[in-house]
Undergrad: 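Could you have a look at this structure, given as structure tokens, before my questions?
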Amino acid sequence: MTDWRPTASLDVLRARAHALRVVRAFFQERGSLEVQTPAIVPSPGVDAWLDAPAVELNGHPRFLATSPEYAMKRLLAAGSGSIHQIGPAFRAGERGDWHEPAFTMVEWYELDADDTACMDTTEALVRAVARALSDGLLHALTCAVSTAEPFDRMTYREAFASVTGMDPVDADVRRLGRLLRVAGVRTPRDASAAEIEDLVLGAVVQRQLGVERPVFVTDWPTDRAALARIRPGRDADGAPSAARFELYAGGVELCNGYHELSDPDEQAARIDAENALRVASGKPPYPVDAAFLAALRHGLPDCAGNALGFDRLLMLTQGVSDIGAVVSFRVE
Amino acid sequence: MAMLSHTDLRKGVKIEIDDQPYIIVGSDFVKPGKGQAFTRVRIRNYLNGNTIDRTIKSNEKTVKADIEERTCQYLYADGEFFHFMDGTTYDQFQFTEESLGDTVKWLVENESYSILFWKGRAISAEAPNKIDIEITQCDPGVRGDTAQGASKPATLATGAIVNVPLFVEEGEWIRVDTRTGDYLERVKK
């Protein structure tokens, strides 16, 4: 018989509706404007490792947006002030217990804020949702993480070293390979050094982060700056780093935030570099979003932004480890 | 040769690696914040029963195992091999005890089994969920003992040992759930 029933229980769907109300109230209290931008876009965010589902619309190639970032920045350049959006984001080729090709993202931009201020907002938001839904606790696979105390903050290099004992800047690939073996992770035979570092990060390091209390990982390597500005980092040597942060709770990545890059020339150069990486790995390049770059040339106000995976936050409040348990239906 | 992308690698999917057939028993999608994706799979080899781990890159294609399922009858054991027959083609083929795995405990002559064929070769046999088997040995129940849930071990014709209620006697036939090994009910034969 065709299984037509929702994958989430009705109780969880009620909790989901409650969480949506909490998020909306949170931003409303802060004077942020709720906006909606189209899910179908002429150019998805250009990223070497993010793929947008392609669609054809009236004979034109279009994409389902991997994030509403470009459109929201056009609103900011138009003078919207601080804005937030709760809406769908799409990722082709991503499916797993914690990944769904269509998921719900809470994305917001705060004017006159940097990454540190945006982490404060993120911390308050996560605490508000956890308090309303699960007595302030986030339940991961092996631990319950309290959101009551201030969240930890550590740089990417500190986080990597806290689990591996190695500074990623000069980590020996053979030692990383050994670490994967000890952790029971098979390394693909032809893995490059970059792939081994990605695998260590995704399969080992991230899963150990935020076990006692949620932790922000700050100051990412400049080659992973995405849309964050680059500035002297917080590590001891003050090396340049990306003003980018991610939040982890119980080994689960919850968000990705930036002190936003506003320089249109640097932005254009990064889009080209990401497209070059796409082509080098056999993927099609994406069209450059001319309206987005024109908006940056007009002027993006100084702001920080964050994109938070709403479904994952809900999963942690419900103590489930299958994203199907918090969405009405899975896409496939 | 059908190829699978990394998002197809889910539990229950049958794949071929190094010219060996495997079934995926666990799958874990790994994607660091701004890096490439991997799928870690736990796979069981149909031929030797070994379970191993593999990590597959997002741009890698995996060969789908060309596996066909047919319903066949169990015929007999000759001490070394267990013989089956495809009721449609009358083809006969055999399994070793090792390759039958747990199913060896549930082999009843003329009963139908679900057999998987890989490249024409029988690689796995699965018993029906419920099967009727004769009890060949069990101690008599103690009269008057009506304690709820009281049970005793019974040896079945297939060699399996199943806990049965005290009122069930040697020589009777019972229905068993082969997935759990639980007694379900007495049956008349």
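Note that the structure is a prediction, hence the values are computed from the model and not measured.
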Undergrad: When only pairs under 4.5 Å are counted, which of A/Val205, A/Leu199, A/Asp97 shares the most heavy-atom pairs with chain B?
TA: A/Leu199
Undergrad: To the nearest 0.5 Å, what is the distance between OH (B/Tyr183) and OG (B/Ser151)?
TA: 11.0 Å
Undergrad: B/Trp106 and B/Glu111: side chain to side chain donor-acceptor pair (under 3.5 Å), yes or no, with the steps?
TA: CA-CA 10 Å; B/Trp106 311 114; B/Glu111 184 64 64; over 6 Å; no
Undergrad: Given a strict heavy-atom distance threshold of 4.5 Å, which part of A/Glu195 is in contact with chain B: side chain, backbone, both, or neither?
TA: both
Undergrad: May I ask you to establish whether A/Arg91 and A/Phe103 are in a cation-pi arrangement, using a distance under 6.0 Å from NZ or CZ to the six-membered ring centre and at most 45° from the ring axis?
TA: no
Undergrad: Could you tell me which portion of A/Asp47 (side chain, backbone, both or neither) has an atom closer than 4.5 angstrom to a non-hydrogen atom of chain B?
TA: side chain
Undergrad: Go through A/Tyr156 and A/Arg224 one step at a time and tell me if the side chain to side chain donor-acceptor pair (under 3.5 Å) criterion holds.
TA: CA-CA 11 Å; A/Tyr156 171 79; A/Arg224 272 165 269 175; 3.3 Å; yes
Undergrad: Going by salt bridge (Lys or Arg N to Asp or Glu O under 4.0 Å), name the residues that satisfy it together with A/Arg234, two or more places apart in sequence or in a different chain.
TA: A/Asp115, A/Asp219
Undergrad: Show the numbers, then the answer: is there a side chain to side chain donor-acceptor pair (under 3.5 Å) between B/His6 and A/Arg95?
TA: CA-CA 9 Å; B/His6 76 110; A/Arg95 192 188 195 281; over 6 Å; no
Undergrad: If contact means a heavy atom pair closer than 4.5 Å, which residues of residues 36-47 of chain B contact chain A?
TA: B/Gln36, B/Phe38, B/Arg40
Undergrad: Where does A/Val200 contact chain B at under 4.5 Å (heavy atoms): side chain, backbone, both or neither?
TA: neither
Undergrad: Give a yes or no on whether a salt bridge exists between A/Glu266 and A/Arg270, defined as a side-chain N under 4.0 angstrom from a carboxylate O.
TA: yes
Undergrad: Please determine whether side chain to side chain donor-acceptor pair (under 3.5 Å) holds for the pair B/Tyr22 and B/Gln20, giving the CA-CA distance in whole Å, both sets of side-chain angles, and the decisive distance to 0.1 Å.
TA: CA-CA 7 Å; B/Tyr22 290 89; B/Gln20 301 261 301; 4.8 Å; no
Undergrad: Pick whichever of B/Ile56, B/Leu9, B/Thr55 has the most heavy-atom pairs under 4.5 Å with chain A.
TA: B/Thr55
